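Just so you know, ligand 1 is whichever comes first in the structure, and atom 1 is the first atom listed for that ligand. Predicted model only: the values in this text are computed from it and were never measured. The residues of the chain are indexed from 1 along the displayed sequence.
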Amino acid sequence: MSTDTPVSTNPSHRKKVTTLTFRQKKERGEPITMLTAYDYPTALAMDRAGVDAILVGDSLAMVVLGYENTLPVTMDEMQHHARAVSRGAKSSLLIGDLPFMSYQVSVEDAVRNAGRFLQEAGMDAVKLEGGRERADAVRAIVGAGIPVMGHLGLTPQSVNQLGGFRAQGKTASTAKRLLEDAHILEEAGAFSLVLEAVPARLAELISRDISIPTIGIGAGAGCDGQVLVTHDLLGLFDRFTPRFVHKYADLHAEMKKAFTEYIDDVETKRFPSKEHSVEMTDEEWDSFLEEIKK
Ligand code: KIV
């Protein structure tokens with residue numbers, strides 16, 4: 001970065017989005033927008049674009065850290081990225097995703113780790129995966145004054161139990177269980193629910209049946225809001241693109257093109273040119289040459 005460039009302080013003119021805003025948007029039938037972010041510049045751009053909520057998702061593990069699934073990412077790694085996001089985004093509601101094993105062992109762990117997201121990383125809320133088996137954790141976290149977003153359907157932290165990244169709730173009995181779980185999480189105090197990879201008509205029915213907003217990913221247009229993994233939306237993650245993603249850009253290709261041009265420019269000495277170089281006056285230069293002659 002040039003030393004002459006002043007660092008922006010990101011004056012945000014938007015009103016801060018809160019969990020109350022989520023509720024009001026559902027009541028007014030206004031779609032809620034959410035995206036994932038893991039770093040300062042992306043969070044800054046998203047916040048300025050006006051996204052309602054930013055999720056520091058544990059998808060970090062796959063799309064940024066290069067792991068096969070979300071299981072290896074730790075609480076410390078999540079915190080590190082959440083802190084960067086909160087430095088960039090001032091108006092969006094910021095949600096920290098509790099990683100695998102940070103809330104499953106005990107309710108005490110769940111509350112402590114949820115608290116770390118707010119106390120040390122500037123998040124406004126947390127998200128965790130699972131239904132009835134997580135009701136106690138949700139209740140305890142909410143009881144500590146921390147808003148909780150639930151996550152039902154395809155819950156990637158249970159990839160081994162689900163037998164892969166596959167759609168959920170496609171049979172009458174699993175659909176019924178999902179609807180019950182949505183009610184249980186609502187009653188436990190969750191302020192919102194992510195519904196991932198579930199049939200569109202089921203997601204729509206759940207959205208109508210509960211009072212808290214649903215945020216869909218691969219769950220159709222009947223949800224109260226939508227979320228995508230930003231690296232999928234931007235075409236930055238080249239391993240695979242889920243069927244439900246709309247790619248708004250192909251930044252992997254754009255990055256590769258820019259890197260190739262840079263390599264070529266350096267190798268052919270087109271870069272750096274005079275305009276990219278720092279100069280000193282002839283006077284100082286001559287005096288320097290005199291000095292080193294001694
Ligand atoms: O980690 C994540 O990015 C998520 C979204 C897919 C909702 O949980």
Can you name the atoms of ligand 1, numbered from 1 with element, that are less than 4.0 Å from a heavy atom of Val229? 3 (O), 6 (C)

When the ring planes of Phe288 and Trp285 are compared, do they come out parallel, tilted or perpendicular, using 30° and 60° as the limits? tilted

Could you check whether Thr155 and Glu196, counting side-chain N and O atoms only, form a donor-acceptor pair closer than 3.5 Å? no

Of all the atoms in ligand 1, which lie at a distance below 4.0 Å from a heavy atom belonging to His151? 8 (O)

I need the atoms of ligand 1 closer than 4.0 Å to a non-hydrogen atom of Lys127, numbered in the order shown. 8 (O)

What atoms of ligand 1 come within less than 4.0 Å of a heavy atom belonging to Ile217? 6 (C)

Verify the ring-centre separation between Tyr38 and His231: is it less than 6.0 angstrom? yes

One residue to check: Leu60. Relative to ligand 1, which of side chain, backbone, both or neither has a non-hydrogen atom less than 4.0 Å away? neither

Between Ile215 and ligand 1, find which residue part has any heavy-atom pair under 4.0 Å and reply side chain, backbone, both or neither. neither

Flag if over 12 foreign heavy atoms under 6.0 Å of NE2, His183: yes

Pick one of side chain, backbone, both or neither for how Thr70 approaches ligand 1, counting any non-hydrogen atom pair under 4.0 Å. neither

Does Glu196 reach ligand 1 with a nitrogen or oxygen that is under 3.5 Å from one of the ligand's nitrogen or oxygen atoms? no

Residues that Lys15 engages under salt bridge (Lys or Arg N to Asp or Glu O under 4.0 Å), provided they are two or more places apart: none

Contacting atoms of ligand 1, where contact means under 4.0 angstrom from a heavy atom of Ser59: 1 (O), 2 (C), 3 (O)

Hey, does Ile215 have a side-chain heavy atom less than 4.5 Å from the side chain of Gln226? no

Among all protein heavy atoms in this structure, tell me which lies nearest to atom 4 (C) of ligand 1, with the distance rounded to 0.1 Å. Leu55 CD2, 3.6 Å

Is it true that atom CD of Glu120 has more than 12 heavy atoms of other residues, nucleotides or ligands lying nearer than 6.0 Å? yes

So how far is it from Asp52 CG to Ile54 CD1, rounded to the nearest 0.5 Å? 10.5 Å

With heavy atoms of Gly57 as the reference, note each atom of ligand 1 found under 4.0 Å away. 1 (O), 2 (C), 3 (O)

Atoms of ligand 1 under 4.0 Å from any heavy atom of Thr36, numbered from 1 in the order shown, are 3 (O)

